[in-house]
Enquirer: 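Dumping the structure here so I can ask a few things about it.
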Amino acid sequence: QGELETARGVHDGEFVQDFEEQISQTTEQRGKREQQVAWVKGELDAARREAEAAGEEASYRARQGVDRVKEFRSTVEERESEMSKIRNRLEELCAEMQTL
């Protein structure tokens, strides 16, 4: 800023004009960089949200899988119990048939 004021004081119009143009370009570049940074931050936030959603979906599916395994185990245990009862009844019937 000091150089600009000095140049204005001695009426060096060309220098002032060049210097003001540099300031304008620098300001414009800064604005573009700020826009780029804002865009990158937006993309990063979107990627984070997508990653979180994917993680939540994977966790949900894993819980569903665990629940299904529990259900299948329960069904298998019930059927094993039923088969054991049937087997015992068959053995009783066989024993009764041998006594006849």
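Bear in mind that the values here come from a model prediction, so they are computed numbers and not experimental data. Throughout, numbering of the chain's residues begins at 1 and tracks the sequence. Values below: every heavy atom of this structure, side chains too, minus hydrogens, waters and symmetry copies.
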Enquirer: Applying the side-chain contact (heavy atoms from CB on, under 4.5 Å) test to Thr75, which of Arg73, Glu77, Arg79 qualifies?
Expert: Arg79
Enquirer: Quick check for you: to the nearest 0.5 Å, what is the distance between Gln29 atom CD and Gln36 atom CD?
Expert: 10.5 Å
Enquirer: Pair Glu56, Tyr60 - check side chain to side chain donor-acceptor pair (under 3.5 Å), show working.
Expert: CA-CA 6 Å; Glu56 289 171 5; Tyr60 172 74; over 6 Å; no
Enquirer: Between Arg61 and Glu57, is a salt bridge (Lys or Arg N to Asp or Glu O under 4.0 Å) present by the stated rule, with each step listed?
Expert: CA-CA 6 Å; Arg61 288 180 183 240; Glu57 176 69 19; 2.6 Å; yes
Enquirer: Nearest 0.5 Å, what's the CZ-CD distance between Arg87 and Glu92?
Expert: 13.0 Å
Enquirer: Assess whether a salt bridge exists between Glu34 and Arg30, defined as any Lys/Arg side-chain N lying under 4.0 Å from an Asp/Glu carboxylate O.
Expert: no
Enquirer: Does Val40 form a side-chain contact (heavy atoms from CB on, under 4.5 Å) with Glu43? I'd like the steps, not just the answer.
Expert: CA-CA 5 Å; Val40 168; Glu43 290 294 309; 5.6 Å; no
Enquirer: Find out whether Glu20 and Ser24 are in side-chain contact, i.e. whether some heavy atom of one side chain is under 4.5 Å from a heavy atom of the other.
Expert: no
Enquirer: Nearest 0.5 Å please: distance from the CD atom of Gln22 over to the OG1 atom of Thr27.
Expert: 11.5 Å
Enquirer: Could Arg49 and Glu52 be called an ion pair, given the rule that one side-chain N must be under 4.0 Å from one carboxylate O?
Expert: no
Enquirer: Would you check if the side chain of Ser84 reaches a backbone N or O of Glu80 as a donor-acceptor pair within less than 3.5 Å?
Expert: no
Enquirer: Could you check whether any side-chain heavy atom of Asp45 comes within less than 4.5 Å of a side-chain heavy atom of Arg48, counting everything from C-beta outward?
Expert: yes
Enquirer: How long is the gap from OG1 on Thr26 to CZ on Arg33, to the nearest 0.5 Å?
Expert: 8.0 Å
